[in-house]
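In what follows, chains carry the letters A, B, and so on, assigned in the order in which the sequence lines appear, proteins first and then strands, with residues in each chain numbered from 1.
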Amino acid sequence: MAIRVLFFGFAADRMKTREMLLDPEPNLRIDAVFERFQATLGAPADRFLFSVNDEWAPADRLLLDGDTVAFIPPMSGG
Amino acid sequence: MDIFRIQESPILVAEALDALADPACGGQALFLGVVRNEFQGRASSGLEYDAHVSLAEREFRRIGDEIRLEFGVRHIVMVHRTGRLALGEASVLVGVSAPHRHAALNACEAAIDRLKGRAPIFKRELWADGEAAWHGEPGGPPVAP
């Protein structure tokens, strides 16, 4: 299946990209995808929030073919 | 009318005032967040903002719906910039109009507080000494309250 992953803020800097396409095995949870990048991101999953297809999603959400998942670092707007 | 928008271009206060105009409203409250020259005592030369634009605009709209119900305001404007901003530039505008002043003032404060806590927007401090760091980044400056 195909998954699009979005990175923002420091996560985009550390990943050296804002977007990545993955072809993972089915029935993968968000936190399992996150684990693949945790060493590069240098921060645990509990520092992040997640969204799928432009809506908030819990870390244990199962990803489906065509989903876009975003790793959202600590928010600091304003 | 309402405006809920993330944009790269400078914030236009006149556009917000036009949106808030309503003969039934006796109060308009406007908050502008501007780029400050320091953070926790360290000199800063500007800020850079990143955002999950589609989700942030959706969250603005959700906050706007809450504010309208809770405070009885009639029009709401929430605009936030992305990209590099110089000292003194406005990074965010929140404006509301309501029949009376207390509703407008209280709604405006609630809206900016909720925006800061809930909108997926990210701030990078451009220190005056040439270094830079994202707020909330491991080893970086904390997320401001």
Next on the checklist: Set out, in order, the CA-CA distance, both residues' side-chain angles and the distance that settles side-chain contact (heavy atoms from CB on, under 4.5 Å) for Glu109(B) and Asp113(B), then state yes or no.
Outcome noted: CA-CA 6 Å; Glu109(B) 182 175 25; Asp113(B) 286 350; 3.8 Å; yes
Next on the checklist: If we define contacts as heavy-atom pairs under 4.5 Å, which of Arg124(B), Lys123(B), His135(B) has the most with chain A?
Outcome noted: Lys123(B)
Checklist entry - If every non-hydrogen atom of Phe7(A) is compared with every non-hydrogen atom of Glu19(A), which pair is closest and at what distance? => result CD1-N, 4.3 Å
Next on the checklist: Count I, L, V, M, F, W, Y as connected when their side-chain heavy atoms are under 4.5 Å apart, and connections chain through other members. Are Val143(B) and Trp134(B) then in the same cluster?
Outcome noted: no
Item to check | Choice from Arg118(B), Glu59(B), Lys116(B), His52(B) maximising heavy atom contacts with chain A below 4.5 Å | outcome: His52(B)
Next on the checklist: Non-hydrogen contacts under 4.5 angstrom with chain A: give the residues of residues 22-34 of chain B involved, or none if there are none.
Outcome noted: none
Item to check | Taking every non-hydrogen atom, the tightest pair across Pro141(B) and Phe39(B) | outcome: CB-CE2, 3.7 Å
Item to check | Ser9(B) backbone acceptor or donor facing Gln7(B) side chain under 3.5 Å | outcome: yes
Checklist entry - Can you tell me how far the OG atom of Ser45(B) sits from the CD atom of Glu131(B), to the nearest 0.5 Å? => result 11.5 Å
Next on the checklist: Given heavy-atom pairs under 4.5 angstrom as the criterion, report whether the side chain, backbone, both or neither of Arg36(B) touches chain A.
Outcome noted: neither
Checklist entry - What is the distance from atom CZ of Arg4(A) to atom CG of Asn53(A), rounded to the nearest 0.5 Å? => result 9.0 Å
Checklist outcome for this item: Residue from Ser91(B), Pro120(B), Ala51(B) scoring the most non-hydrogen pairs under 4.5 Å with chain A is Pro120(B)
Next on the checklist: Can you give me the closest heavy-atom contact between Ala133(B) and Gly140(B), atom names plus distance?
Outcome noted: CB-CA, 4.4 Å
Checklist entry - Is Ile112(B) reachable from Val13(B) through a run of hydrophobic residues whose side-chain heavy atoms are each under 4.5 Å from the next? => result no
Item to check | Salt-bridge present (Asp2(B), Arg61(B); N to O < 4.0 Å) | outcome: no
Next on the checklist: With a 4.0 Å cut-off on N to O distance, would you call Arg14(A) and Glu137(B) a salt bridge?
Outcome noted: yes
Item to check | Phe60(B) versus Ala119(B), closest heavy-atom pair with distance | outcome: CE1-CB, 3.7 Å
Next on the checklist: Using only non-hydrogen atoms and a strict under-4.5 angstrom cutoff, which residues of residues 20-38 of chain A touch chain B?
Outcome noted: none
Next on the checklist: Heavy-atom count check: over 12 atoms from other residues, nucleotides or ligands less than 6.0 Å from Arg101(B) CZ?
Outcome noted: no
Checklist entry - When you look at Phe10(A) and Phe48(A), which way does the ring-ring contact (aromatic ring centres under 6.0 Å, His included) test go after all the steps? => result CA-CA 11 Å; Phe10(A) 82 82; Phe48(A) 284 77; 5.8 Å; yes
Item to check | Approximate separation, where rounding is to 0.5 Å, of Arg114(B) CZ and Arg62(B) CZ | outcome: 13.0 Å
Checklist entry - For chain A, which residues from residues 63-87 of chain B lie under 4.5 Å away (heavy-atom distances)? => result His80(B)
Next on the checklist: I need the minimum non-hydrogen distance between Val96(B) and Ala104(B), along with the two atoms involved.
Outcome noted: CG2-O, 3.1 Å
Checklist entry - Got a salt bridge between Arg5(B) and Glu57(B), using NZ or NE/NH1/NH2 to carboxylate O under 4.0 Å? => result no
Checklist entry - Looking only at heavy atoms, what is the nearest atom pair of Ser51(A) and Leu55(B), with distance? => result CB-CD2, 3.6 Å
Next on the checklist: Give the interface residues of residues 61-76 of chain A toward chain B, defined by a heavy-atom separation under 4.5 Å.
Outcome noted: Ala70(A), Ile72(A), Pro73(A), Pro74(A), Met75(A), Ser76(A)
